[in-house]
Amino acid sequence: MLRVFNTLSRTKEEFQPVTPGKVGMYLCGPTVYKPSHIGHMVGPVIFDAIKRYMTYSGYEVTWVVNITDVDDKLIAESNARGIPMSAVADEMTQDYKNNLAAMGVDTINVFPKATDYIQQIVDFTADLIAKGYAYESEGDVYYDVEKFPEYGKLSNRTLDQMSGEGGGTAERKHSPFDFALWKSAKPGEPSWDSPWGKGRPGWHIECSVMSCCLLGETFDVHGGGLDLQFPHHENEIAQSEARNGKPMAKYWMHNGLMQASNEVGKVGGRKTREAQESGAKEGDLASQEAGKISKSKGASAFRDLLKKFQPENIRFFLLSSHYRRPIDYSEERLQEVGKGLEGFYRYFKRFESVTGQSFYSLESAKTRLEGDDYEKSEALDVYPEFAKHIRELRARFLEAMDDDFNTAGGLGVFFDYLRAVNKFIEETQLETKQDPTAQNALTVATTIFRELALTLGLFRAPVEEDASANDALVEPLMTLLIDLRRAAKKNKDFATADEIRNRLKELGVTLEDRPGGVCVWTRE
RNA sequence: GGCGUCGUAGCCAAAUGGCUAAGGCAACGGAUUGCAAAUCCGUCAUUUACCGGUUCGAGUCCGGUCGACGCCUCCA
């Protein structure tokens, strides 16, 4: 039984979709005006794992991630670069999608763009005016927050609490908290026709409209970063529920934000504003503090990070803490996680050398029910203790994931799993003995591991080797060196054997002598 | 100022109020090895920032103190 933390109730709830067996999931995607940074990958990777796990659990999931391609920031960027807004949007959308593809986030069903829904946005806005929840003012259309009594229910605040806050010029608005559904166009700005004159959509309306068009008036999961809880998601609720008269989403899920420990300054929050107002005397200090990574300042482009780290390394890192917690970004942390990952890769090679099968080609169960069946395999029962252990590990993993997608707990189980299978190889001496019975048991155990790893989108395919590092000569040269070294060892000429190994190590190549006179090499 | 989150070992990080507080990284022993590497075995939190309370029982619930952070303004 899946349990999900719902921001609306601030508790974990049993997951029961609106329509049995089907799940509609909407994640707020980016405003495409700058290249994405690592913070933009947090949500997609987490919800990718959530979708995979839900699918594995037997749900048919439709996942929508929107692209907001019309916005003040896009207009500013377009002006700054002297190219059309649509060109900026196309370029950054491509960057975003490239990054998702690199990260293996390929489970998103629809990427709707706001500009493809202008007519629906106009209709939606007109509905809100007709129902008395919005009003026109000098070509703009505003949502009248006073008319929606539940305003603030998601972020747990009331209009009274906020009074004295909020701001900007309120001349055109009834209340400073009213927000724009439609903005009139200034000369030269991209615009569309509407009953209120030429203009463009406000920020929040596109999500209400596209989620409704694609997933229905009430869908199951609405996700996004914690920073979107207010005002974005609050406003989406106000718009959608006022228009449709029913709950917008059953479960609201918010992921914690990526924090940068020092390289990116603190950019949000009251301190900065105060610092600015008081002559920035705290500014320098504040910029040294930890703070969330923001695209409005300095975070390096994700595509550059991909040059330094394997996508799987980044994915493993993102899944190594619970999704609702903030996660600190640092290259050291990424490297540390990478060391842990290597143990898995080594095991996959070991598995292949012992059974002759590639881990990546194992056909594992696609659903939990299939897996329940598969784990009963008699090949495993030949080794009762091992069988019991493997089944316990699988149960522990599923238990962790059922409890609000505890990927960190699940990854912990993976390391126990790794030890179990390595130990099994030692105990059965599979590296030096032919033992089909033990090989079968190991294959079953490893296939179950693959089944679980795939629910997180991990270990789907071999990590790409750096093509430039391996030209056709490397393989035969390594074979030559290893043969020479073997001959030296046979003659007890360990000095030569060690020199070969040491000098290769200096070149970044590690030799490992395995039982049976086998020598394996790996490079960094 | 309002609302909220968090504080678990040297670092990272799990844990429906209930058995010995997972796991990773680092470190240190041992097995194995010609020596290594890898792997396995073992050590590494009498205790969850601090103080008090509720309870048969608290990392977990309540109150307070200290500290870190988020939102209230563009954000994933």
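Computed over heavy atoms, backbone and side chain alike; hydrogens, waters and symmetry mates excluded. Below, read A as the first sequence line, B as the second, and so on, with proteins coming before strands; counting in each chain starts at 1.
When each of A:V221, A:V4, A:I237 is checked for a side-chain contact (heavy atoms from CB on, under 4.5 Å) with A:W252, only A:I237 meets the rule.
At distances below 3.5 Å, at least one donor-acceptor pair connects side-chain atoms of A:N109 with backbone N or O atoms of A:W63. Between the side chain of A:Q439 and the main chain of A:T355, no donor-acceptor pair closer than 3.5 Å is present.
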Practice item. Summarise protein proximity over nucleotides 7-12 of chain B in one line of letters, 5' to 3': B for base, S for sugar-phosphate only, - for none, counting protein heavy atoms closer than 4.0 Å. Key: ----BS

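Scanning for side chain to side chain contact (heavy atoms under 4.5 Å, CB included) contacts around A:S353 gives an empty result, with sequence neighbours left out. Taking the salt bridge (charged side-chain N to carboxylate O under 4.0 Å, His left out) definition, one finds that A:E431 meets it with A:R350, A:R514, sequence neighbours left out. Considering only residues two or more places apart in sequence or on other chains, A:Y323 meets the side-chain hydrogen bond (donor to acceptor under 3.5 Å, both in side chains) condition with A:D404. Residues forming a salt bridge (charged side-chain N to carboxylate O under 4.0 Å, His left out) with A:E352 (at least two apart in sequence, or on another chain): none. Applying the ring pair (Phe, Tyr, Trp, His ring centres under 6.0 Å) rule to A:F148 yields no partners; only residues at least two apart in sequence or on another chain are considered. Shown here are the salt bridge (charged side-chain N to carboxylate O under 4.0 Å, His left out) partners of A:K388, two or more places apart in sequence or in another chain: A:E392.
Judged by a 6.0 Å distance limit and a 45° cone about the ring axis, A:R157 is positioned over the six-membered ring of A:F230.
Residues of residues 386-393 of chain A that place a heavy atom closer than 4.0 Å to RNA chain B do not occur. Near RNA chain B, meaning a heavy atom under 4.0 Å from it, residues 487-505 of chain A has A:K489, A:F494, A:D498, A:R501 in order of number.
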**Study point:** Paired and unpaired positions of RNA chain B as dot-bracket, Watson-Crick or G-U wobble under 3.5 Å, | denoting a partner strand
**Key:** (((((((..(((.....[....))).(((((.......))))).....(((((..]....))))))))))))....

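Residues in residues 312-321 of chain A take part in these salt bridge (Lys or Arg N to Asp or Glu O under 4.0 Å) pairs, two or more places apart or across chains: A:D48-A:R315.
The aromatic rings of A:F386 and A:F424 sit parallel, their planes meeting at an angle under 30°, below the 60° perpendicular limit.
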Protein N or O to nucleotides 29-31 of chain B N or O, pairs below 3.5 Å:
none

